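Report on the following structure.
Heavy-atom basis, side chains included; hydrogens, waters and symmetry copies ignored. Just so it is clear, the structure is predicted and the values come from calculations on it, not from any experiment.
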Amino acid sequence: MITFEEIRDILVDGKPMTVDEQTLQRVKDCHAFLRQFANDRIIYGINTGFGPMAQWRVEDAHLEELQYNIIRSHATGAGEPLSDLDVKAAMIARAGSFLQARSGVHEEIVHLLLSFINKGIYPFIPRHGSVGASGDLVQLAHIALCLIGEGKVHYQGVWRPTQEVLRECGLTPMRIHIREGLSATNGTSVMTGIGAVNQLHAENLLRLAVICSVWMNEIAESYDDLMSEPLNAARRHEGQQVIAAMMRDIAKDSNRLPKREHALYDGGHTEQVFAKKVQAYYSLRCIPQILGPIWETLQNAKRILEEEFNAASDNPIVDYEVGNVFHGGNFHGDYISLEEDKVKIAVTRMVMTAERQLNYLFHDRINDGIMPPFLNRGVLGLNYGMQACQFTATSTTAECQTLSMPNYVHSIPNNNDNQDIVSMGTNSALLCRQVIENAYQVFAIHLMALAQATDILAIQDKIASTTKALYDELRTLTDSRIEDKPFYEDITRIVEFLKHKI
């Protein structure tokens with residue numbers, strides 16, 4: 001069993017992926033059983049064709065060739081290659097599937113996959129090709145192509161022929177023993193790997209959204225009861241209470257969040273119109289209610305991903321313990337596809353909230369004039385402050401909203417209608433990735449605005465220590481603006497800074 005935290009350690013911190021002898025012995029036992037069981041039996045993908053050609057028997061003399069054929073024939077991907085991190089995550093997921101000892105593969109493929117993971121050998125996997133059932137056939141074929149010593153890999157930052165890198169690293173290409181070709185290409189590992197990287201970034205963005213929201217309320221001097229324990233407990237939802245607790249922890253040493261009981265419950269107010277808002281705008285006041293369901297969505301997505309990393313997702317399933325081979329559809333990617341759509345929608349909701357908070361900072365009639373239009377510290381009319389930054393944030397948020405249309409329901413039959421309903425799970429994960437990239441850009445602009453507003457109000461020493469620490473980090477990446485100058489390089493620097501916090 002590999003936990004999501006261990007997956008993160010391997011992906012981000014470079015911890016090696018290992019396998020214990022007991023697990024490896026189960027892989028050996030499963031392989032030995034399949035070799036014996038396959039004698040004089042018809043088993044899909046061992047002595048039959050693949051997909052709709054399963055009705056044709058393949059003669060014994062061509063069984064090894066059959067396994068090589070599925071790898072070579074399915075390496076048909078198109079588009080830009082996946083990142084090294086995505087490929088590494090996909091290989092971890094594929095190794096996790098083999099380690100369930102339900103694939104019947106020889107232990108050699110496990111050792112070779114672990115060597116690729118631990119030595120930083122990343123197969124060329126194009127972006128496009130998977131319909132998400134029979135799993136990620138095309139993209140996994142590109143991994144398998146490199147495992148047999150063909151294709152190309154990204155190694156130490158350079159694209160090189162696989163065979164050359166294998167020789168340099170003292171590795172031997174995978175051999176075909178009985179069904180390694182089919183097992184290597186059949187399953188949900190690429191969508192699962194991309195989903196895992198998405199999960200790390202989505203959780204990072206949620207932490208950031210909570211900090212930004214506390215900072216926003218500090219700037220607005222909101223009453224602190226929006227995050228109170230009794231208020232949020234009354235709603236009962238776990239996520240809402242978790243977010244409120246996170247906000248209270250961040251805000252615990254802030255001097256910018258007045259208490260309502262001190263300001264409004266003292267009986268000293270006789271005015272008919274109150275100068276200070278009795279309640280803040282929803283994008284400030286309703287953060288526990290907005291981010292709470294997002295927290296719960298990400299928790300469920302993490303659970304599904306962790307289960308998938310520890311699942312046998314190919315076909316057929318070889319169960320040596322009950323002594324049978326079962327044919328079905330464990331390669332179907334619906335679990336990942338649906339979760340990635342939900343994560344995508346959740347991230348878009350975070351972006352929408354950040355964009356509305358940004359509008360509060362820029363719009364002097366909404367923020368009651370506590371800050372100049374567009375946080376302009378220069379001469380109004382001559383200088384423009386952060387006015388044009390809002391164009392970028394608004395257009396990028398709009399793109400997120402468009403991309404948030406569910407992809408899970410976009411099944412198109414193919415493969416001679418053998419694959420008559422498919423998950424499009426990898427497409428879902430890749431669209432989710434684009435929304436995440438967009439989110440970082442919007443949050444980078446939002447953070448620049450928060451820092452600029454903090455300077456305008458001169459409240460650096462009154463905000464919470466957590467928001468002050470983020471402010472200090474930002475001031476090493478971007479300066480407070482008075483004169484007009486380009487922002488685009490600042491945005492890029494902040495995006496990279498944020499991504500490295502996963």
Side-chain angles (χ1 to χ4, degrees), residues 1-21 23-24 26-27 71 81-101 103 105-125 135-136 139-175 180 183-200 305-306 308-314 336 426 429 502:
M1 176 75 177
I2 185 169
T3 66
F4 196 85
E5 286 66 33
E6 290 170 331
I7 293 164
R8 185 217 166 271
D9 290 343
I10 297 168
L11 276 177
V12 180
D13 295 337
K15 181 180 178 181
M17 185 176 184
T18 58
V19 55
D20 61 80
E21 283 302 319
T23 301
L24 197 59
R26 294 177 64 242
V27 172
I71 294 172
L82 299 181
S83 71
D84 289 350
L85 200 62
D86 287 332
V87 176
K88 186 176 185 179
M91 291 192 294
I92 295 169
R94 188 87 299 236
S97 184
F98 291 149
L99 292 175
Q100 304 311 305
S103 299
V105 297
H106 194 275
E107 64 180 286
E108 284 180 2
I109 189 174
V110 174
H111 289 304
L112 188 57
L113 257 180
L114 294 184
S115 293
F116 271 50
I117 292 164
N118 296 333
K119 292 179 182 292
I121 303 171
Y122 305 114
F124 172 78
I125 307 179
D136 299 307
Q139 281 105 333
L140 284 174
H142 281 273
I143 294 179
L145 193 68
C146 296
L147 291 175
I148 64 173
E150 300 177 18
K152 63 181 179 180
V153 295
H154 204 222
Y155 181 63
Q156 297 180 344
V158 179
W159 288 107
R160 296 170 58 187
T162 304
Q163 187 66 53
E164 183 182 295
V165 173
L166 292 182
R167 281 196 303 268
E168 186 175 310
C169 294
L171 300 174
T172 302
M174 177 183 77
R175 293 179 297 166
E180 282 71 23
S183 288
T185 57
N186 190 213
T188 62
S189 301
V190 174
M191 68 178 79
T192 302
I194 298 169
V197 178
N198 288 347
Q199 182 73 18
L200 292 172
L305 286 164
E306 190 174 87
E308 200 73 10
F309 270 90
N310 293 279
S313 64
D314 51 356
I336 301 299
T426 304
I502 63 172

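Of all the heavy atoms in Met17 and Leu99, the pair that sits closest is CE-CD1, 4.4 Å. Closest heavy-atom contact between Leu11 and Leu85: O-CD1, 3.5 Å. In terms of heavy atoms, Ala95 sits closest to Leu114 at CB-CD2, 4.3 Å. Minimum interatomic distance between Cys169 and Ile121 (heavy atoms only, all atoms of both residues): SG-CD1, 4.0 Å. Taking both residues in full, the closest heavy atoms of Cys146 and Phe116 are given as O-CZ, 3.8 Å, listed atom of the first, atom of the second, then distance.
Under the side-chain contact (heavy atoms from CB on, under 4.5 Å) criterion, Glu150 pairs with Arg72, Leu145, Ile148, not counting sequence neighbours. Legend: residues meeting side-chain contact (heavy atoms from CB on, under 4.5 Å) with Arg160, ordered by chain and number and at least two apart, are Tyr155, Val158, Glu164, Val165, Glu168.
Counting only N and O atoms by type, the side chains of Thr3 and Arg8 include no donor and acceptor under 3.5 Å apart. Donor-acceptor pairing under 3.5 Å is lacking for the side chains of Gln139 and Thr426.
Note: Ile194 CD1 to Ile336 CD1 = 10.5 Å, rounded to the nearest 0.5 Å. Rounded to the nearest 0.5 angstrom, His142 NE2 and Asp136 CG are separated by 11.5 Å.
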Taking it one step at a time, do Arg175 and Glu180 satisfy side chain to side chain contact (heavy atoms under 4.5 Å, CB included)?
CA-CA 8 Å; Arg175 293 179 297 166; Glu180 282 71 23; over 6 Å; no
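When side chains are defined from C-beta on, Tyr122 does not count as touching Asp86, because their heavy atoms never get closer than 4.5 Å. Leu171 places a side-chain heavy atom less than 4.5 Å from the side chain of Lys119.
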